[in-house]
Amino acid sequence: MNVRKSSFWHNLKQSKYLYLMSLPFVAWVFVFSYLPLWGWTMAFQKYKPAKSFFEQDWVGFYYFKELFHDDMFIQVLRNTIAMSVMGLIAGFTIPIIFAILLNELRQQLFKRFVQTISYLPHFVSWIVAAGIVTKMLSTDNGAVNELLLSLHIINEPIQFMAKGNLFWGIVTASDVWKETGWNTIIYLAAIAGIGPELYEAARVDGASRLQQVWHITLPGIRSTIIILIIISIGHLISIGFEKQFLLGNNLVRDYSQTLDLYALNYGLGTGRYSFGTAINIFNSVVSVFLLFTANGIFKKITKESII
Amino acid sequence: MRARSLSGSGTPWSDRIFDVVVYVAVIFVTICTLYPFLNVLALSLNDSTDSVRGGITIFPREFTLKNYSTIFAFSGLITGLKISILRTIVGTLLGLLSASMLAFTLSRVDFQGRKFVSTFLALTMYVSGGLIPFYVLIKDLHMMGTFAVYVLPGLVSAFNVFVIRSFIDGIPYALQESAKLDGANDFTIYWRVILPLTKPALATIALFLAVGQWNSWFDTYLYNGSKDHLTTLQYELMKVIQSTTTNVDNFRGRNMVEVMAQISPESVKMAITIIVTVPILIVYPFLQRYFVKGMTLGAVKS
């Protein structure tokens, strides 16, 4: 015991700089990432900011019951899942297709140019992106309406931003516009890892380029796709609120409100912290559940795990 | 690079059609990506009363710099610019320092706290307290209405730490050992040996941090919305953009609207959008090879 203890102190002294360099940041993470979890207690109290923790009234699951009986909750959950699933499908298929297209380009200089352009929207803020999308879709001189009018597909401009049933599509399309180029990076890296001898052999066998894509490129990036899908499923209901906040307006509120936006508007906006926290907890718990479920299924299929 | 049969005669017609489809699709995507930016640029440089007539595509019809000179006369924009630059510099430096230090300690096999720190960090990627508890925490820490709220809460990012760590893992350990034999302590090893060798990874992370800082607006909206001296460029842009959409309930702007009354709000929006975007445009293409590598590295590890 004595020996072990002294070796512990010895080690502590030996790596004192390592402790000094990490522990302050660990404390930091504790404050800003773990202390908010302590804030979850608010959901079980009738939280009043002026009172201390011990003076709060405990109400059990009262706010959760209220949340689940709220008509708006169902609507918000529907919006969240709809936009999430649409984003998941579009956000996977389109970057994969674009990565394959890029990979098939023969001029390297042109490929480099296209890639650089395609990363640009990723780096601008959602405020800029939302401003651009609103401008492009606007009824006075918006590019999309002008194009559709000049092609005689429509006779008068469509009020894109005022139609609730178009909102999910607009959010999904904006996301595709902003992130497709960026999301190809990982697939292009995976494609680059496929052995050239496979393509060589396929060519000898007389496979066309399309057949090569189907039988070599796609199977070659299969595991990358699966891993990324698992990660995305974990984030399925935490799609945030940024896009919806910036692109939405009162006219489309029934379609634009997500869980986080709901917590922001009805929790913070009206000072109902306990109710808002209950929404946040619901969100986090479902996310973790989804992540573990997805990981479990993934483990069964591939004998690999990401956690 | 794969050598393909480039001569036309040997290529089957199906492959030629394939090539045409590929090029048409890629060019279409490139136009869709680039056109909105060029359109906004043209509108920002066009006379605002002329713009209302419509028909501006990628070239200004009546060139003017008046839109820009008008918005620069607005003091909120100058303050916003200052604060945005300041938070980008401070936030990036602090973020780099914390991520690289933590990454260094985590890469050391002889560090006993390694497992604990690593798990402690990794968990933050999966569980978060949520918006409201975080807001209450910031309030309880008396960080509302301060500059600190821009740079301190997001100081440590687990993702950044793991990206840098996987890079450090690739540096031969013998370098650290020989430095140790020369009597260097762990901090000196970090500062003199590891940091200079980690530059490519640091460049990637610096870009991510800087872009994140430059682009953030929600912290300003939430914590400093009423503090005019702490406003950011993105927040000013948000106020202008939201003011003319129907989202009036979120609108808290004041002076900018009066400025906008003088010239068409559309042109003002376009000019600010360009001002906010230009710094990013200048930086990211030069760091492209670094962040492509960094992204790949980070994704493989996580």
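Residue A:Leu261 comes nearest to A:Ser256 through the heavy atom pair CD2-O, 3.9 Å, listed as atom of the first residue, atom of the second, then distance. Of all the heavy atoms in A:Ile216 and A:Ala202, the pair that sits closest is CD1-CB, 3.5 Å.
Only the side chain of B:Ile138 comes within contact range of chain A, with at least one heavy atom under 4.5 Å from a heavy atom of that chain. For A:Met21, the parts lying near chain B are the backbone and the side chain together; criterion is any non-hydrogen pair under 4.5 Å. For chain B, the nearby parts of A:Phe30 are the backbone and the side chain; heavy atoms of each come within less than 4.5 Å. Heavy atoms of B:Ile27 lying under 4.5 Å from chain A belong exclusively to its side chain. The contact between B:Leu137 and chain A is made entirely by side chain atoms (from C-beta outward), counting heavy-atom distances below 4.5 Å. Both the backbone and the side chain of A:Leu264 come within contact range of chain B, with heavy atoms under 4.5 Å apart. Residue B:Thr33 touches chain A through both its backbone and its side chain, counting heavy-atom pairs closer than 4.5 Å. At a 4.5 Å heavy-atom cutoff, the contact between B:Val276 and chain A is made by side-chain atoms alone. No part of A:Asn283 comes within reach of chain B, as not one of its non-hydrogen atoms sits under 4.5 angstrom from that chain. For a residue to count as touching a neighbouring chain, one of its non-hydrogen atoms must lie under 4.5 Å from one of that chain's; by this rule B:Phe18 touches chain A with the side chain only. Within the 4.5 angstrom heavy-atom criterion, no atom of A:Glu197 approaches chain B. Of the two parts of B:Ser98, the backbone and the side chain both hold a non-hydrogen atom closer than 4.5 Å to a non-hydrogen atom of chain A. Only the side chain of B:Ile280 has a heavy atom closer than 4.5 Å to any heavy atom of chain A. Of the two parts of A:Thr277, the backbone and the side chain both hold a non-hydrogen atom closer than 4.5 Å to a non-hydrogen atom of chain B. Within the 4.5 angstrom heavy-atom criterion, only side-chain atoms of A:Phe110, from C-beta onward, approach chain B. Of the two parts of A:Val26, the backbone and the side chain both hold a non-hydrogen atom closer than 4.5 Å to a non-hydrogen atom of chain B. In this structure, no portion of B:Leu106 lies under 4.5 Å from any heavy atom of chain A. For a residue to count as touching a neighbouring chain, one of its non-hydrogen atoms must lie under 4.5 Å from one of that chain's; by this rule A:Val133 does not touch chain B. Using a 4.5 Å cut-off between heavy atoms, B:Phe218 touches chain A through its side chain atoms alone. Proximity to chain B (any heavy atom under 4.5 Å) is restricted, for A:Leu35, to the side chain, taken from C-beta onward.
Across A:Ile185, A:Val252, A:Ile117, the residue that shares the most heavy-atom pairs under 4.5 angstrom with chain B is A:Ile117. Chain A forms more heavy-atom pairs under 4.5 Å with one residue of B:Val283, B:Ile189, B:Leu121, B:Leu123 than with any other, namely B:Leu123. Taking chain A as the reference chain and counting heavy-atom pairs below 4.5 Å, the highest number among B:Thr273, B:Val136, B:Thr277, B:Leu207 is found for B:Val136. Taking B:Ala122, B:Ser14, B:Pro133, B:Gly55 one by one and counting their heavy-atom pairs under 4.5 Å with chain A, the maximum is reached by B:Pro133. Considering only heavy-atom pairs separated by less than 4.5 Å from chain B, the leading option among A:Leu210, A:Leu23, A:Leu20 is A:Leu210. Per-residue counts of heavy-atom pairs under 4.5 Å with chain A were compared for B:Ser216, B:Gly212, B:Gly130, B:Ala158; the largest is that of B:Gly130. Among A:Gly181, A:Pro36, A:Pro24, A:Ser287, the residue making the largest number of heavy-atom pairs under 4.5 Å with chain B is A:Pro36. Note on A:Ala189, A:Gly39, A:Ser125: by heavy-atom pairs under 4.5 Å with chain B, the leading option is A:Ser125. Here A:Leu18 is the residue among A:Asn141, A:Leu18, A:Ile132 with the most heavy-atom pairs under 4.5 Å with chain B. In terms of non-hydrogen atom pairs under 4.5 Å with chain B, the most contact-rich of A:Gly142, A:Ala263, A:Ser208, A:Ser15 is A:Ser208. Across B:Leu281, B:Thr57, B:Leu237, the residue that shares the most heavy-atom pairs under 4.5 angstrom with chain A is B:Leu237. The most heavy-atom pairs under 4.5 Å with chain A, out of B:Met270, B:Arg108, B:Gln112, B:Met101, come from B:Gln112.
Under the 30°/60° scheme for interplanar angles, the aromatic rings of B:Trp217 and A:Phe245 are found to be tilted. Ring geometry for B:Phe159 against B:Phe208 counts as tilted: the plane angle lies between 30° and 60°, on a 0 to 90° scale. Under the 30°/60° scheme for interplanar angles, the aromatic rings of A:Trp182 and A:Tyr119 are found to stand perpendicular. Taking the six-membered ring for Trp and thresholds of 30 and 60 degrees, B:Phe111 and A:Tyr19 have ring planes more than 60 degrees apart, a perpendicular arrangement.
Of the possible donor and acceptor atoms, one in the side chain of A:Thr41 sits under 3.5 Å from a partner among the backbone N and O of A:Trp38. Using modelled atom types, no side-chain atom of A:Gln212 and backbone atom of A:Thr217 make a donor-acceptor pair closer than 3.5 Å.
For the pair B:Glu266 and B:Leu43, the minimum side-chain heavy-atom distance is 4.5 Å or more. Within the 4.5 Å cutoff, the side chain of A:Val114 has heavy atoms near those of the A:Phe98 side chain. Between B:Tyr223 and B:Met143 there is no side-chain heavy-atom pair separated by less than 4.5 Å. Residues A:Leu101 and A:Leu105 fail the side-chain proximity criterion, which asks for heavy atoms closer than 4.5 Å. Taking 4.5 Å as the limit, every side-chain heavy atom of A:Leu251 sits out of range of all side-chain heavy atoms of A:Gln159. Between B:Asp15 and B:Asp19 there is no side-chain heavy-atom pair separated by less than 4.5 Å.
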Practice task
Verify side chain to side chain donor-acceptor pair (under 3.5 Å) between B:Thr220 and B:Thr232, making sure each step is shown before the conclusion.
Solution key: CA-CA 7 Å; B:Thr220 318; B:Thr232 52; 3.1 Å; yes
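For A:Tyr17, the side-chain hydrogen bond (donor to acceptor under 3.5 Å, both in side chains) test picks out B:Asn185, with sequence neighbours left out.
A donor and an acceptor atom, one from each side chain of B:Gln288 and A:Thr116, are located under 3.5 Å apart. Side chains of B:Thr105 and B:Tyr190: no donor on one and acceptor on the other come within 3.5 Å.
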